[in-house]
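Written out below as structure tokens is the structure these notes cover.
When a residue number appears, it is its place in the shown sequence, counting from 1.
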Amino acid sequence: MAGCLKELSMLVMALLPHKSLVRAWATSGALELFHLRGHIVHVAMRSSDWLDVPASIQKDLHFLPLDSLGGGRLRGRVRAALRLGSMVTREENSPTYAHKLGQWRPLLARAEIAAWRRFRRRVPGGVDGGAMEERLRGLEARFRPRSEALGLIRDLRPDVLLWATLGHQDNDELEVVKACRAEGVPIVLAWGSWDSASSKGGNLVRPDRMLVWGEESARHAADWHNCPAGQILVTGPVHWDPYAEPQREPVGKPSILVAGTSINFWEDEYACLKMLGRDGLEKGYRVLYRPHPRGAWGWHPRDMMPEGVVLDGITAAQVWGGRSGWSLHPDDLAGYPALIASVRCVVAAFSTMTIEAALLGKTPIMVGYGRTRHGPGMAHVHQHYLHMRHVVAWAGVKIASEADDLLRFVRHAVEGHYAEDAPGLRQMALRVARVDGHARQRAAEALEALTSSTRLKSGDSNYATEDRRRT
């Protein structure tokens with residue numbers, strides 16, 4: 001086995017431009033598995049994120065500072081405009097993009113959207129999106145990769161780039177991706193979330209493979225990115241492998257979990273917490289609160305926690321221990337399945353944690369009323385987003401259209417009235433996220449397979465030369 005690993009050794013460059021992606025790939029052990037399979041792993045991330053990576057994880061990785069590889073202010077401004085253009089190509093057929101483009105934006109961005117709409121009408125086939133998307137990639141192609149990024153790739157000579165992305169087409173990540181494309185390095189894009197392929201616009205550089213969370217995101221990759229079926233691999237989210245492990249059933253006083261969301265989606269979050277805290281004290285259940293990792297709630301839970309509400313144990317350790325919401329401590333990440341398993345329901349405003357709840361058979365209660373800063377309309381608009389509209393139709397998912405609905409759903413969940421929905425919720429959630437404990441293995445195998453085919457086509461059977469193995 002050891003000889004086989006040496007023969008198949010490859011040099012992987014993992015591009016992790018956001019802390020949540022560092023958490024998903026490094027903290028989860030996915031990159032450690034690459035190392036255990038005999039591969040060399042270099043990680044490009046921000047220096048501030050690398051400093052937060054525990055030493056036990058750092059020891060198997062080689063750090064590449066992403067800070068020095070950015071494309072500069074002008075390129076960043078142009079790419080932000082191109083991303084708006086990619087959203088305009090999709091708005092005719094997508095309530096997600098129609099809503100996003102309707103939110104308040106600065107004057108320059110509003111002018112850019114209007115210009116892209118005029119451009120779309122003039123491009124042959126532009127209304128359908130495909131022709132205009134190619135024009136956008138053509139505009140991006142006029143930028144040559146920065147010399148710093150090209151130099152890095154030429155010196156490193158990776159066998160494959162693992163491009164983990166949230167879909168924002170950030171300036172620095174695109175420089176690395178374009179340098180890899182220029183040097184003929186195969187590119188594997190790994191979507192950072194289940195909604196990324198349907199809500200973040202197009203890719204200004206086409207990857208060779210896409211790793212997606214489940215059946216639904218595979219369909220989004222095909223429909224919205226014109227990605228051939230043979231290039232889409234349903235690996236599942238690598239950081240959700242622990243959800244496949246058995247969890248203990250809750251004991252003692254019943255609890256609910258309120259999963260905070262960005263204030264853009266749920267401006268009334270604090271008011272809901274106060275209401276549920278009072279109701280919990282009256283009805284005899286605990287209200288656990290997990291703020292959104294971005295910390296955009298506008299108040300600090302350490303100072304203004306409503307009566308009857310307590311931070312969940314993981315978040316409390318982060319707040320008092322000085323770790324961020326996207327903590328890179330392995331115990332923090334591994335603790336979420338047990339946390340969700342310990343409650344009767346999860347209350348959120350269309351959060352990814354509702355999928356985690358469904359995977360464990362817990363009732364997702366979505367807040368579909370109240371104020372939002374994310375575009376016109378109220379919070380209920382988000383249930384019509386492409387990635388959400390089939391989820392809200394699942395049997396067992398509850399949509400609260402007013403405060404009385406929310407209280408009624410929570411009380412019924414606490415009393416056990418929704419227990420029979422658990423099997424169906426699990427089955428439907430598995431369509432969104434392929435969770436069986438083997439996502440990390442499938443991701444490694446996907447990179448190995450692409451590297452193998454690339455080397456065979458080039459006539460080079462050595463996946464990593466000895467000089468690079470000593471790097």
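Crowding of Gln58 atom CD: a count of heavy atoms from other residues, nucleotides or ligands under 6.0 Å exceeding 12.
Across all non-hydrogen atoms, the minimal contact from His225 to Gly202 is CE1-CA, 3.9 Å. The two atoms that bring Gly396 and Thr363 nearest to each other are O-CG2, 3.6 Å, heavy atoms only. In terms of heavy-atom proximity, Ala357 sits nearest to Ile340 at CA-CG2, 3.8 Å. For the pair Ser351 and Thr261, the tightest heavy-atom approach, listed with the atom from each and the gap, is CB-OG1, 4.1 Å. The nearest pair of heavy atoms linking Arg83 to Gly167 is NE-O, 3.8 Å. Minimum heavy-atom separation, Ile256 to Cys345: CG2-SG, 3.6 Å.
Counting heavy atoms from C-beta on, the side chains of Met10 and Arg37 never come closer than 4.5 Å. Counting heavy atoms from C-beta outward, Val309 and Leu276 have side chains that stay 4.5 Å or more apart. For the pair Pro330 and Ile57, the minimum side-chain heavy-atom distance is below 4.5 Å. Side-chain contact between Cys272 and Leu406: present, with at least one pair of heavy atoms (C-beta onward) separated by less than 4.5 Å. Between Lys19 and Leu328 the shortest side-chain heavy-atom distance falls below 4.5 Å. Side chains of Val346 and Pro364 form no contact here, defined as non-hydrogen atoms less than 4.5 Å apart. Leu82 places a side-chain heavy atom less than 4.5 Å from the side chain of Trp116. Here the side chains of Asp60 and Leu31 are not in contact, with every heavy-atom distance at 4.5 Å or above.
In this structure, a donor-acceptor pair under 3.5 Å is present between the side chains of Asn203 and Gln169. Looking at Ser20 and His18, their side chains do bring a donor and an acceptor atom within 3.5 Å of each other. One side chain, Ser255 or Arg286, offers a donor N or O that lies under 3.5 Å from an acceptor on the other.
For Lys200, the salt bridge (charged side-chain N to carboxylate O under 4.0 Å, His left out) partners two or more places apart in sequence, or in a different chain, are Asp195. Taking Arg117 as the reference, Val88, Glu91, Leu101, Ile113, Arg120, Arg121 meet the side chain to side chain contact (heavy atoms under 4.5 Å, CB included) condition, with sequence neighbours excluded. With sequence neighbours excluded, the residues satisfying side chain to side chain contact (heavy atoms under 4.5 Å, CB included) with Glu216 are Arg219, His390, Arg431, Val432. Ala44 meets the side chain to side chain contact (heavy atoms under 4.5 Å, CB included) test with Met13, Leu15, Leu64, Leu66; sequence neighbours excluded. Not counting sequence neighbours, the partners of Thr165 by the side chain to side chain contact (heavy atoms under 4.5 Å, CB included) test are Trp163, Glu173, Leu189, Trp191. Remark: Thr352 pairs with Trp194 by the side chain to side chain donor-acceptor pair (under 3.5 Å) rule, at least two apart or across chains. For Trp240, the ring-ring contact (aromatic ring centres under 6.0 Å, His included) partners two or more places apart in sequence, or in a different chain, are Trp213, Tyr243. Listed by chain and number, the residues in a ring-ring contact (aromatic ring centres under 6.0 Å, His included) with Trp394 amount to none (sequence neighbours excluded). Under the salt bridge (charged side-chain N to carboxylate O under 4.0 Å, His left out) criterion, Asp67 pairs with no residue at all, not counting sequence neighbours. Shown here are the salt bridge (charged side-chain N to carboxylate O under 4.0 Å, His left out) partners of Asp331, two or more places apart in sequence or in another chain: there are none. For Asp279, the salt bridge (charged side-chain N to carboxylate O under 4.0 Å, His left out) partners at least two apart in sequence or on another chain are Arg411.
The CG atom of Leu407 sits 10.0 Å away from the CD atom of Glu402 when rounded to the nearest 0.5 Å. Here the NE2-CZ distance, from His239 to Arg23, works out to 6.5 Å after rounding to the nearest 0.5 Å. Here the CZ-OG distance, from Arg434 to Ser217, works out to 11.5 Å after rounding to the nearest 0.5 Å. Taking OG1 of Thr96 as the reference point, atom NE2 of His384 lies at 11.0 Å (rounded to 0.5 Å). Taken to the nearest 0.5 Å, the CD1 atom of Ile40 stands 12.5 Å off from the CG atom of Leu61. Note that CG of Asp312 and CG of Leu339 are 5.0 Å apart. Values are rounded to the nearest 0.5 Å.
Between Asp172 and Arg79 there is no salt bridge, since no side-chain nitrogen of the basic residue lies less than 4.0 Å from a carboxylate oxygen of the acidic one. Salt bridge annotation for Glu112-Arg105: absent, with no cationic side-chain nitrogen under 4.0 angstrom from a carboxylate oxygen. For Glu356 and Lys362, the salt-bridge test fails: no basic side-chain N is under 4.0 Å from an acidic carboxylate O.
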Report task. May I have the step-by-step check of salt bridge (charged side-chain N to carboxylate O under 4.0 Å, His left out) for Arg442 and Asp436, ending in yes or no? Result -> CA-CA 11 Å; Arg442 284 190 290 269; Asp436 57 7; 2.9 Å; yes
Query raised in the report: Can you list the steps and then say if Leu162 with Phe34 is a side chain to side chain contact (heavy atoms under 4.5 Å, CB included)?
Result: CA-CA 11 Å; Leu162 172 64; Phe34 290 177; 4.1 Å; yes
Query raised in the report: Where do Leu16 and Asp49 land on the side chain to side chain contact (heavy atoms under 4.5 Å, CB included) test, with the steps shown first?
Result: CA-CA 10 Å; Leu16 309 174; Asp49 292 344; over 6 Å; no
Report task. Mind running side chain to side chain contact (heavy atoms under 4.5 Å, CB included) on His39 and Glu448 for me, showing each step along the way? Result -> CA-CA 10 Å; His39 308 312; Glu448 290 166 352; 2.7 Å; yes
Query raised in the report: Step by step, would you call Leu386 with Ser94 a side chain to side chain contact (heavy atoms under 4.5 Å, CB included)?
Result: CA-CA 7 Å; Leu386 287 172; Ser94 166; 3.5 Å; yes
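At distances below 3.5 Å, at least one donor-acceptor pair connects side-chain atoms of Tyr97 with backbone N or O atoms of Ser199. The backbone N or O of Gly38 sits less than 3.5 Å from a side-chain atom of Ser9, completing a donor-acceptor pair. Remark: the backbone N or O of Leu11 is paired with a side-chain donor or acceptor of Asp159 at under 3.5 angstrom.
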Name each donor-acceptor pair under 3.5 Å that joins a side chain in residues 417-425 to protein atoms two or more places apart or in another chain, with its distance.
unit_1 : atom_1 : unit_2 : atom_2 : d
His417 : NE2    : Glu415 : OE1    : 2.8
Tyr418 : OH     : His412 : ND1    : 3.4

